[in-house]
Amino acid sequence: MSNHYDALGVARDATAEEIKKAYRKLARKLHPDVNDAADAQDRFKAVTHAYEVLSDPQKRRIYDTTGNENGNDAGGGGGGFGGEGFAFQDIFETFFGGAGGGGGGGRGPASRMRRGQDALISVRVDLREAVFGVNKKLEIDTAITCPTCEGSCCRQGTAPTTCDICHGSGQIQRPMRSILGNVMTLATCNSCQGFGTMIVDPCNECMGEGRIRDRRTLTIKVPAGVGTGTRIQLANQGEAGPAGGPSGDLYVEMKVNNDPSFVREGDDLHATLSVPMTAAALGTELNFETFDGEQPISIKPGTQAGEVINLRSLGVTHLRGFGRGDLKVHIHVETPTKPDAEQEALLKQLAALRGETFTEGKLVSSGGMFAKLRDKFGNN
């Protein structure tokens with residue numbers, strides 16, 4: 001287990017103010033927004049966790065006594081009934097909401113500092129950006145740590161004062177009659193709401209919250225291969241917590257725009273290439289525009305409408321793994337819709353060469369094939 005005091009760089013007898021100052025200094029240094037080192041995020045989490053433990057008097061007392069945060073001794077035995085860490089104090093807390101006998105032993109004051117909420121935003125990208133990946137600059141409205149009080153909640157030059165009612169414990173004792181006689185129970189102090197301290201001179205900018213709403217700019221890396229519905233988790237980029245608490249996570253949900261030329265199916269792309277009837281019959285070489293630039297396509301003689309030409313590894317990058325999908329080009333053969341007189345004459349010559357006869361716009365003879373169909377089904 002890491003030493004929380006070493007993580008914050010303070011002595012074991014450091015005051016609460018010294019611990020808070022050390023945490024703020026390290027948090028500003030290690031936050032992922034300003035530090036892109038490989039271990040910065042892990043160190044930031046370790047520092048934040050250390051501060052959460054040492055800033056809470058009760059948790060710190062347990063940590064100093066047992067060497068861990070759960071109240072068990074270093075050997076992890078746990079004690080109590082059945083060896084599962086069940087203590088007699090838990091019985092009183094179950095029935096009376098606190099420790100019995102009027103001898104203290106409560107949980108201690110609550111910490112104002114809490115983790116911020118996670119946030120979810122949607123980002124639209126073009127299909128080309130989804131194929132190759134892209135860096136996106138976002139502007140988000142969120143909660144940030146108050147720049148004036150730096151999360152202390154107090155006006156500059158002031159500090160929280162100890163509650164006069166509970167004297168800093170965050171709890172008050174109340175007598176209660178029970179089958180065991182009169183017992184003293186612990187309840188949250190209504191005056192300080194269980195924090196043990198009062199903000200008598202709150203920060204004018206955040207009104208004692210320790211954070212404010214603001215717009216900030218964030219650049220995210222959208223990996224290649226994302227699709228609509230893909231979510232990217234950005235640790236510690238959500239809302240800042242109250243009273244200088246750590247930030248939550250930000251989830252970015254991707255939405256991919258439709259493309260006028262390509263349709264995506266899985267990691268394959270589909271496109272349509274229109275070729276003239278003569279090019280399909282005689283064959284040709286064409287250049288087809290893809291996301292990777294122009295690619296040569298060979299149209300073989302006699303190509304039929306609906307045939308598919310596969311261009312390997314020109315589709316969408318695999319989000320998990322290596323390589324890319326394919327680009328499938330569907331051939332559409334263009335037939336003249338309004339041929340002029342000269343074109344019509346040439347088409348009739350072609351039909352005659354193929355043994356095809358038209359009468360009043362109807363195909364009445366198609367060489368050997370027409371004869372076979374007539375013999376089989378009759379000539380109606």
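Only heavy atoms go into these numbers, but all of them, side chains included; no hydrogens, no water, no symmetry mates.
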Can you establish whether the number of heavy atoms outside [X] located under 6.0 Å from its atom [atom1] is more than 12?
X: Asp164; atom1: CG; answer: no
X: Asp340; atom1: CG; answer: yes
X: Arg215; atom1: CZ; answer: yes

On a heavy-atom basis, which atom in [X] and which in [Y] lie closest, and how many Å separate them?
X: Ala50; Y: Leu8; value: CB-CG, 4.1 Å
X: Thr188; Y: Gln193; value: CG2-C, 3.7 Å
X: Ala130; Y: Arg264; value: CB-NH1, 4.2 Å
X: Thr303; Y: Val333; value: O-CG2, 4.2 Å
X: Arg213; Y: Ala143; value: NH1-N, 3.6 Å
X: Cys153; Y: Ile199; value: O-CG2, 3.6 Å

field: Residue list, side chain to side chain donor-acceptor pair (under 3.5 Å) with Gln156, at least two apart or on another chain
entry: none
field: Glu253: partners by side chain to side chain donor-acceptor pair (under 3.5 Å), with sequence neighbours left out
entry: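 Side chain to side chain donor-acceptor pair (under 3.5 Å) check on Glu253 returns Arg231.
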Between [X] (side chain) and [Y] (backbone), is there a donor-acceptor pair under 3.5 Å?
X: Thr158; Y: Cys154; answer: no
X: Gln304; Y: Gly302; answer: yes
X: Glu209; Y: Cys206; answer: no
X: Arg24; Y: Leu26; answer: no
X: Thr228; Y: Val256; answer: yes
X: Asn3; Y: Asp6; answer: yes

- request: Scan side-chain atoms only and decide if Tyr51 and Asp56 contain a donor-acceptor pair under the 3.5 Å cut-off.
  value: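 There is no such pair (donor and acceptor under 3.5 Å, judged by atom type) between the side chains of Tyr51 and Asp56.
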message: Is a donor from one side chain sitting under 3.5 angstrom from an acceptor on the other, for Arg216 and Gln237?
response: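 Yes, Gln237 and Arg216 have a side-chain donor paired with an acceptor closer than 3.5 Å.
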- request: Take Asp141 and Asp214 through the side-chain contact (heavy atoms from CB on, under 4.5 Å) test and state the conclusion after the steps.
  value: CA-CA 6 Å; Asp141 290 318; Asp214 197 11; over 6 Å; no
Taking C-beta and beyond as the side chain, do [X] and [Y] meet within less than 4.5 Å on heavy atoms?
X: Asp64; Y: Tyr5; result: yes
X: Cys146; Y: Glu205; result: yes
X: Lys25; Y: Lys29; result: no
X: Ser55; Y: Met113; result: yes
X: Ile121; Y: Leu138; result: yes
X: Pro242; Y: Arg112; result: no
X: Ser191; Y: Cys166; result: no

- line: Going by chain and number, the hydrophobic cluster around Ile172 (ILVMFWY, side chain to side chain under 4.5 Å) further includes Ile165
field: Side-chain cluster (under 4.5 Å, hydrophobic types only) that Phe322 belongs to, other residues
entry: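 Besides Phe322, the cluster holds no residue at all.
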- request: Nearest 0.5 Å please: distance from the SG atom of Cys163 over to the CG atom of Asn190.
  value: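 So the SG of Cys163 and the CG of Asn190 are separated by 10.0 Å.
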- prompt: At what distance, to the nearest 0.5 angstrom, does CD1 of Ile297 lie from CG of Asn287?
  reply: 8.5 Å
When the side chains of residues 270-286 are checked against the rest of the protein, which donor-acceptor pairs come out under 3.5 Å, sequence neighbours left out?
residue: His270; atom: ND1; partner: His330; partner atom: NE2; Å: 2.9
residue: His270; atom: NE2; partner: Glu265; partner atom: OE1; Å: 3.3
residue: Glu285; atom: OE2; partner: Ser298; partner atom: OG; Å: 3.0

Do [X] and [Y] share a hydrophobic cluster, counting only Ile, Leu, Val, Met, Phe, Trp and Tyr and linking them when any side-chain heavy atoms are less than 4.5 Å apart?
X: Leu234; Y: Leu319; result: yes
X: Val316; Y: Val123; result: yes
X: Phe195; Y: Leu54; result: no
X: Tyr251; Y: Ile220; result: no
X: Leu250; Y: Ile212; result: no

Partners meeting side-chain contact (heavy atoms from CB on, under 4.5 Å) with [X] (sequence neighbours left out):
X: Asn257; value: Arg124, Asp126
X: Thr145; value: Ala240
X: Asp259; value: Leu127, Ser261, Phe262, Phe291
X: Glu18; value: Ala14, Thr15

With sequence neighbours excluded, residues passing salt bridge (Lys or Arg N to Asp or Glu O under 4.0 Å) with Glu294: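 Once residues adjacent in sequence are excluded, Glu294 has no partner under the salt bridge (Lys or Arg N to Asp or Glu O under 4.0 Å) criterion.
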task: Output all residues satisfying salt bridge (Lys or Arg N to Asp or Glu O under 4.0 Å) with Asp118, sequence neighbours left out; order by chain, then residue number.
output: Arg115
- prompt: Is any NZ, NE, NH1 or NH2 atom of the basic residue among Glu52 and Lys59 found under 4.0 Å from an Asp or Glu carboxylate oxygen of the other?
  reply: no
message: For residues 313-329, which residue pairs pass the side-chain hydrogen bond (donor to acceptor under 3.5 Å, both in side chains) check, not counting sequence neighbours?
response: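 Non-adjacent pairs meeting side-chain hydrogen bond (donor to acceptor under 3.5 Å, both in side chains): Asp267-His318, Asp292-Arg324, Asn310-Asp326, Asn310-Lys328.
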- request: Apply side-chain contact (heavy atoms from CB on, under 4.5 Å) to Thr48 and Tyr23, showing your working.
  value: CA-CA 7 Å; Thr48 300; Tyr23 167 71; 3.6 Å; yes
field: Evaluation steps, side-chain contact (heavy atoms from CB on, under 4.5 Å), between Lys136 and Lys221
entry: CA-CA 6 Å; Lys136 280 283 187 181; Lys221 182 178 181 180; over 6 Å; no
- request: Assess whether side-chain contact (heavy atoms from CB on, under 4.5 Å) is satisfied between Ser152 and Cys203, documenting all intermediate values.
  value: CA-CA 8 Å; Ser152 70; Cys203 171; over 6 Å; no
task: Start with the C-alpha distance between Lys20 and Glu150, add both sets of side-chain angles, then the distance that settles salt bridge (charged side-chain N to carboxylate O under 4.0 Å, His left out), and finish with yes or no.
output: CA-CA 11 Å; Lys20 182 182 294 185; Glu150 298 181 336; over 6 Å; no
- request: Fit a plane to each ring of His49 and His4, take the angle between them on a 0 to 90° scale, and name the class: parallel (under 30°), tilted (30 to 60°) or perpendicular (over 60°).
  value: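 Because their plane-to-plane angle is over 60°, the rings of His49 and His4 count as perpendicular.
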